[in-house]
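Below is one structure, written out as C-alpha cells; the observations come after it.
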Amino acid sequence: MENDVTELCEKILSKVSKEQALDVVRKLYTAEVIQDRRIVLGNILYLLDSTQDDQEDVGISWRNTRIVQDYVWEKLNTGHWKEVWIGWRKIYAVAALIRILNATECLLKQIRRNNKEVKEAVENKGGDFNKRKLIQDTELGDPRCSPVLEDLVKLADMGLLLGAPVLKNILEHVAQEITQYLSLEFSESDTKVQKTLVPDFNLEDVAVKLPQGCQHLEELKCIEEPSMENFIINYKAPEKPAIISGALSDWPAVSGPRKWTVPYLVRVAGPRTVPIEIGKNYTSEHWTQRLMTVKQFAEQYLQGDCKEVGYLAQHQLLDQVPALAEDICIPDLCFTGEEDDVDMNVWIGPKGTVSPLHTDPKHNFLCQVSGSKYVVLYPSTDSKYLYPHPTPLLFNTSRVDLQNVNLEEHPDFCHAKGYHALLKAGQMLYIPPGMWHFVKSLETSFSVSFWWQ
C-alpha cells in the first residue's frame with residue numbers, strides 16, 4: 001500500500017504547483033487599487049512566497065501559511081458574509097492549497113526514506129525479515145498514512161467552505177482523490193453502528209396530536225409515478241401535493257451494493273467536512289452548527305443513543321462528493337418547469353430530527369432514500385392561520401409548534417386544514433411552492449430534495 005500512497009502524493013503534486021497558487025495572489029495584488037489593502041496583500045504574498053525558499057524547513061513554511069489563514073479568517077468573519085471581499089476567500093483557499101502541497105511533499109519524502117530504510121534492512125537481515133513490521137516501527141507508522149490524509153481532506157474542505165474556487169476548483173479535486181483512496185481501505189466495522197430491523201410505522205401512532213377544535217388532518221394518498229402530462233394537469237397546475245411511488249426504482253442509492261447506509265456513507269465520504277445542525281430544530285434557542293467530518297457525524301449522531309440531535313441538513317453533499325451523486329438520478333418530473341436548473345440538497349439524520357413548519361419558494365421533490373419520515377402539509381392559502389415569524393430571517397417559518405400546539409397563543413390555527421402522511425424509503429413527496437410543510441424523521445434517515453421552478 002505504500003506504493004499506492006506514493007502514487008497518490010505524486011498525483012496530487014502533478015495537478016498543481018505552489019507557483020500556480022501564488023499567481024492567484026499576485027493577480028489580486030496587481031489588480032488592487034485600494035492602497036491599504038494592496039500593502040496587506042504585499043505582506044501576504046511575501047509570507048507565502050517565502051515558503052518557496054524554505055524547502056528544508058517545513059516548520060517555517062507551515063507557520064507562514066497558517067499565519068495567512070488566521071489573518072484572513074478574521075476578515076471572513078467581519079461583517080456580513082455576502083459583503084466579504086472575494087479576494088480574501090481566494091487567499092484563504094490558496095493558503096489551504098499551499099499547506100496541502102507542503103504536507104504532501106513532506107509525506108512523500110518520508111515514505112521514500114522509509115522505503116530506502118526497509119530495502120537496506122532486508123538486504124542486511126535476509127529474506128525472512130518482516131518488512132511490514134519494520135515499516136510500522138519507523139517514524140511514519142502505518143504506510144497508508146490515513147490520519148495524515150484525513151487531515152489533508154479537512155484542509156481542502158475548509159478551503160472550499162470558507163474560501164472560493166481557485167485554479168479550476170483544485171481543492172475539490174484533491175479532496176476527491178484522497179477520499180477515493182481512503183475508501184479502498186475502509187471496512188464496515190469502522191463505523192461502530194449496529195444494524196437494526198426495519199420498523200413498520202403506523203400513521204395514527206406517529207401523527208401529531210392536535211388540540212381539540214383543530215381541523216382533522218387528511219391522509220395524503222400515495223400514487224404511482226404519473227406521466228408528465230398527468231403530473232402537470234393534476235398536481236403541478238393546481239398545486240396539489242402527492243406521495244409518488246416508483247420514481248426512485250432505478251436509483252442505486254435505494255437498493256443494491258451502493259444502497260445508502262451509514263457504513264456506505266462513511267466509506268464514500270467519511271473524511272469530508274460538513275456543517276451539522278445541533279439542537280431540536282433551527283428555531284430553538286440552543287440551536288447551533290458545528291463543522292465535523294462525515295465519519296465523526298456518523299459515530300456521534302447516527303448510532304441511536306445520542307442525547308442531542310445532529311442533522312446534516314440542506315447541504316449540497318452531492319456536489320462535494322460526486323461518488324454519491326452517481327447513486328441518484330434527477331426525477332424526470334423536475335423538467336416540467338420553466339428552467340432546467342435543479343437545486344439538490346441532502347438531508348441525513350437520526351430519529352427525531354425535525355424541520356419545523358415552513359415554506360419554500362420553489363417546487364420541491366423530497367425523495368426518501370432510506371428510513372421513514374412523518375410529514376404534515378398546509379396549503380399557502382392557510383398562511384393567515386399559521387402565524388409566520390415576523391423577523392426577516394424566519395419569515396418563511398411558522399410560530400406554531402405542531403408537536404406542542406398552543407391555541408391560546410395561536411387561536412386561528414384551529415382553522416388551518418392540512419394533510420399528513422408517512423414518507424417511506426423509495427417514495428417521493430411533491431411539495432408545491434409556498435406549501436407549508438413539517439418533516440420529522442422516525443428513524444435514521446437519508447433524503448434528497450430537488451428544488452426547481
Side-chain angles (χ1 to χ4, degrees), residues 9-10 12-110 148-175 177-178 271-273 275 289-292 320:
C9 292
E10 291 173 343
I12 292 172
L13 295 173
S14 69
K15 286 180 177 290
V16 64
S17 67
K18 294 179 189 176
E19 194 63 31
Q20 289 174 302
L22 287 169
D23 279 342
V24 175
V25 184
R26 291 189 183 111
K27 289 178 181 178
L28 292 171
Y29 174 78
T30 302
E32 186 53 58
V33 295
I34 301 176
Q35 186 61 25
D36 289 347
R37 186 186 287 168
R38 185 179 173 86
I39 292 173
V40 172
L41 290 178
N43 291 331
I44 288 175
L45 191 56
Y46 171 78
L47 284 172
L48 295 178
D49 201 10
S50 66
T51 64
Q52 297 285 84
D53 302 323
D54 294 297
Q55 297 295 333
E56 298 303 322
D57 195 338
V58 178
I60 293 177
S61 176
W62 192 263
R63 182 199 65 191
N64 287 354
T65 50
R66 182 61 184 267
I67 289 172
V68 170
Q69 275 200 310
D70 288 346
Y71 176 81
V72 175
W73 188 89
E74 294 289 344
K75 293 292 186 181
L76 296 177
N77 287 274
T78 301
H80 197 283
W81 176 255
K82 290 183 179 179
E83 297 175 355
V84 173
W85 179 51
I86 188 65
W88 295 130
R89 296 179 60 194
K90 289 184 177 181
I91 293 171
Y92 192 91
V94 166
L97 176 59
I98 292 177
R99 290 179 71 185
I100 290 170
L101 294 176
N102 286 337
T104 303
E105 288 177 350
C106 185
L107 180 61
L108 185 59
K109 289 178 182 178
Q110 184 65 59
V148 177
L149 296 176
E150 289 173 357
D151 284 344
L152 295 186
V153 176
K154 184 175 182 179
L155 272 175
D157 274 328
M158 294 304 295
L160 289 165
L161 291 168
L162 298 178
V166 295
L167 300 173
K168 299 181 179 180
N169 209 14
I170 183 62
L171 288 175
E172 181 59 50
H173 295 301
V174 169
E177 289 284 354
I178 301 176
R272 303 307 301 265
T273 297
Q289 286 187 308
R290 297 176 194 160
L291 290 175
M292 62 181 67
Q320 189 178 8

Check the pair Ile178, Ile12 against side chain to side chain contact (heavy atoms under 4.5 Å, CB included), reporting the backbone distance first and the verdict last.
CA-CA 9 Å; Ile178 301 176; Ile12 292 172; 3.8 Å; yes

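- Atom CG in Leu162 sits 5.0 Å away from atom OH in Tyr92 (nearest 0.5 Å).
- If you run side chain to side chain contact (heavy atoms under 4.5 Å, CB included) between Ile91 and each of Ile44, Val24, Val166, only Ile44 comes through.
- Using modelled atom types, one side-chain atom of Gln320 and one backbone atom of Thr273 make a donor-acceptor pair closer than 3.5 Å.
- Between Ala95 and Val68 the shortest heavy-atom distance is CB-CG1, 4.1 Å.
- Taking 4.5 Å as the limit, some side-chain heavy atom of Arg272 sits within range of a side-chain heavy atom of Leu160.
- In terms of heavy-atom proximity, Ala175 sits nearest to Ala156 at CB-CB, 4.0 Å.
- The shortest heavy-atom contact between Leu28 and Gly87 is CD1-O, 3.8 Å.
- Atom CZ of Arg66 sits in a sparse spot, with 12 or fewer heavy atoms from other residues, nucleotides or ligands closer than 6.0 Å.
- Formation of a donor-acceptor pair under 3.5 Å by the Arg290 side chain with backbone atoms of Pro275 is not found in this model.
- Lys18 places a side-chain heavy atom less than 4.5 Å from the side chain of Asn102.
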Could you go through Leu47 and Tyr71, starting from their C-alpha distance and side-chain angles, then the distance that decides it, and tell me whether this counts as side chain to side chain contact (heavy atoms under 4.5 Å, CB included)?
CA-CA 12 Å; Leu47 284 172; Tyr71 176 81; over 6 Å; no

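- Rounding to the nearest 0.5 Å places CZ of Arg38 at 12.5 Å from CG of Asp36.
- Salt bridge annotation for Lys27-Asp23: absent, with no cationic side-chain nitrogen under 4.0 angstrom from a carboxylate oxygen.
- In this structure, Ala21 and Leu97 approach most closely via the heavy-atom pair CB-CD2, 3.9 Å.
- Residues Trp81 and Leu76 share a closest heavy-atom pair of CE3-O, 3.7 Å.
- Here the side chains of Val174 and Val16 are not in contact, with every heavy-atom distance at 4.5 Å or above.
- Pairing each heavy atom of Ala93 with each of Ala164, the nearest pair is CB-O, 3.4 Å.
- Residues Leu13 and Leu101 meet the side-chain proximity criterion, which asks for heavy atoms closer than 4.5 Å.
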Can you list the steps and then say if Arg37 with Lys75 is a side chain to side chain contact (heavy atoms under 4.5 Å, CB included)?
CA-CA 12 Å; Arg37 186 186 287 168; Lys75 293 292 186 181; over 6 Å; no

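- A heavy-atom distance below 4.5 Å is not found between the side chains of Asn64 and Ile98.
- Here Asn43 contributes atom CG and Leu48 contributes atom CG; the two are 11.0 Å apart, rounded to the nearest 0.5 Å.
- Proximity of Gln69 to Arg99: side-chain heavy atoms (C-beta onward) are separated by under 4.5 Å at one or more points.
- Side-chain contact between Leu155 and Met158: absent, with no pair of heavy atoms (C-beta onward) separated by less than 4.5 Å.
- Judged by distance alone, the side chain of Asn77 and the main-chain N or O of Trp73 form a donor-acceptor pair under 3.5 Å.
- Residues Leu291 and Lys154 are not in side-chain contact: their nearest non-hydrogen atoms beyond the backbone lie 4.5 Å or more apart.
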Criterion side chain to side chain contact (heavy atoms under 4.5 Å, CB included) on Gln20 and Lys15, from CA distance to verdict
CA-CA 10 Å; Gln20 289 174 302; Lys15 286 180 177 290; over 6 Å; no

